[in-house]
Visitor: 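Pasting a structure here, questions to come.
This structure is a prediction, so every number in the text was calculated from the model and none was measured. All heavy atoms count here, side chains included; hydrogens, waters and symmetry mates do not. Nothing fancy with the numbering, it's 1 onward along the sequence.
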Amino acid sequence: MKRFSVITVCLNEAKSIRATCDSICRQSFKDFEWIVIDGASTDGTKELLNEYRSSIHLLVSEPDKGIYNAMNKGASKATGTYIIFMNGGDCFASSEALELASQAKSAQLLYGDVYLGNQNGELEIYPNIIGPGYLLNKMIPHQSTFYERATFEAFGGYDESFEIAADYDLNARLLETESVSYCHILHPIAIFDLKGISNSKDFRSLRKQENHRIRKKYFKNYRYSMKCLRQEITNFINRG
């Protein structure tokens, strides 16, 4: 069994997938498998992926039902002890990222720090202890999160009813409700793209709706806050 399963989900990522592929192939730690789930790209992504075919352990290219459906599909095919999602456009922070993660204390969830925007960007450092309510206003991105595969499977993986916030939902579920064991990797693991969907103005309304749904589910204090009430009113007006 491999130590890690690195899962890459992509759809029409020809402009950015090479950086992801190079980032994965440059890892000094080699005890990992690389699984690629392509959503039947038509822009040359598949042809580019074929350049890395000798390094890809499993390549699937077929239509899917969205990013989290594809991520769950990748997880279902993984065999590593831990899984991490490094999707099209995502990159490891350095060639030592997996090596550093391999040295972490075993836990059901491992998470490392991230550079914001690029390798020269601000370093976001997460706490060693994630106290109750921490995730109410903070999120740990999937690019720097390693899930014990057995834990990911036991708790149902990503909730595919979410379009853009299922990774937030999963972390809140595991850390706030299920109290899984975790360990902070004291090093940068990934680069967080500030131009991604999670920060896009085009998805601002949907992001607020999905985050509201998650916060109502896992954070009791939020349910009785003015912020919650305002979002409920906004949702009501939008439905009308």
Side-chain angles (χ1 to χ4, degrees), residues 1-10 13 17 19-39 49-50 52-62 64 67-114 126 140-160 166-171 173-175 178 180-192:
M1 180 186 295
K2 298 290 186 180
R3 176 70 169 170
F4 300 114
S5 293
V6 179
I7 301 169
T8 298
V9 167
C10 56
E13 298 280 358
I17 194 70
T20 304
C21 295
D22 288 343
S23 168
I24 295 170
C25 290
R26 282 197 297 262
Q27 291 303 300
S28 59
F29 186 80
K30 299 301 182 183
D31 188 18
F32 73 93
E33 62 180 359
W34 182 17
I35 297 170
V36 179
I37 307 296
D38 173 66
L49 287 170
N50 282 331
Y52 297 87
R53 197 65 185 86
S54 61
S55 298
I56 298 172
H57 293 76
L58 176 64
L59 172 60
V60 177
S61 183
E62 62 187 16
D64 53 57
I67 185 170
Y68 294 114
N69 175 255
M71 291 167 82
N72 281 337
K73 183 190 300 182
S76 72
K77 299 180 182 298
T79 63
T81 303
Y82 288 95
I83 59 176
I84 184 171
F85 296 92
M86 198 59 56
N87 295 338
D90 296 336
C91 293
F92 283 112
S94 71
S95 60
E96 289 77 41
L98 288 181
E99 180 72 45
L100 294 168
S102 73
Q103 298 169 11
K105 176 184 175 182
S106 294
Q108 291 171 285
L109 186 150
L110 310 175
Y111 61 96
D113 304 325
V114 296
Y126 297 102
I140 300 174
H142 67 76
Q143 294 93 332
S144 66
T145 304
F146 296 82
Y147 299 100
E148 184 184 47
R149 181 168 56 87
T151 297
F152 186 91
E153 293 173 352
F155 291 105
Y158 289 118
D159 182 343
E160 296 178 23
D167 44 349
Y168 179 30
D169 171 78
L170 178 60
N171 283 352
R173 189 189 330 152
L174 295 180
L175 295 169
E178 304 298 341
V180 301
S181 61
Y182 60 85
C183 178
H184 179 207
I185 304 166
L186 303 176
H187 301 279
I189 292 298
I191 297 171
F192 183 69

Visitor: Using every non-hydrogen atom in the two residues, find where Cys10 and Val36 come nearest and quote the distance to one decimal.
Guide: SG-CG1, 4.2 Å
Visitor: When you measure from the side chain of Gln108 to the backbone of Ser181, do you find a donor-acceptor pair of N or O atoms at a distance under 3.5 Å?
Guide: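 Answer holds: yes.
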Visitor: In chain order, what residues pass the side chain to side chain contact (heavy atoms under 4.5 Å, CB included) check against Leu186, with sequence neighbours excluded?
Guide: Asn128, His184
Visitor: Measuring only between side-chain heavy atoms, which start at C-beta, is Leu110 closer than 4.5 Å to Ile84?
Guide: no
Visitor: Between Tyr158 and Asn69, is any side-chain donor less than 3.5 angstrom from a side-chain acceptor?
Guide: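 On atom types as modelled, these side chains do not qualify, holding no pair under 3.5 Å.
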Visitor: Of all residues at least two apart in sequence or in a different chain, which pass the side chain to side chain contact (heavy atoms under 4.5 Å, CB included) check with Thr20?
Guide: Thr8, Ile17, Ile24, Met86
Visitor: Does a donor on one side chain and an acceptor on the other come within less than 3.5 Å for Tyr68 and Asp167?
Guide: yes
Visitor: Determine all donor-acceptor pairs shorter than 3.5 Å in which one atom belongs to a side chain in residues 54-61; sequence neighbours excluded.
Guide:
{"residue": "His57", "atom": "ND1", "partner": "Trp34", "partner atom": "N", "Å": "3.0"}
{"residue": "Ser61", "atom": "OG", "partner": "Asp38", "partner atom": "OD2", "Å": "2.7"}

Visitor: Among residues at least two apart in sequence or on other chains, which ones pass side chain to side chain contact (heavy atoms under 4.5 Å, CB included) with Glu153?
Guide: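 Partners of Glu153 by the side chain to side chain contact (heavy atoms under 4.5 Å, CB included) criterion, ordered by chain and then number, come out as Arg149.
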Visitor: List for me each residue that meets salt bridge (charged side-chain N to carboxylate O under 4.0 Å, His left out) alongside Asp169, sequence neighbours excluded, and say none if there are none.
Guide: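 Partners of Asp169 by the salt bridge (charged side-chain N to carboxylate O under 4.0 Å, His left out) criterion, ordered by chain and then number, come out as Arg173, Lys217.
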Visitor: Asp159: which residues meet the salt bridge (charged side-chain N to carboxylate O under 4.0 Å, His left out) condition with it, sequence neighbours left out?
Guide: Arg213
Visitor: Among side-chain atoms of Glu33 and Ser5, is any donor-acceptor pair under 3.5 angstrom?
Guide: yes
Visitor: Which heavy atom of Tyr82 sits nearest to which heavy atom of Ser106, and what is that distance?
Guide: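 The pair with the smallest heavy-atom distance is OH-CA, 3.7 Å.
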Visitor: Is the distance between the ring centroids of Phe4 and Phe146 under 6.0 Å?
Guide: yes
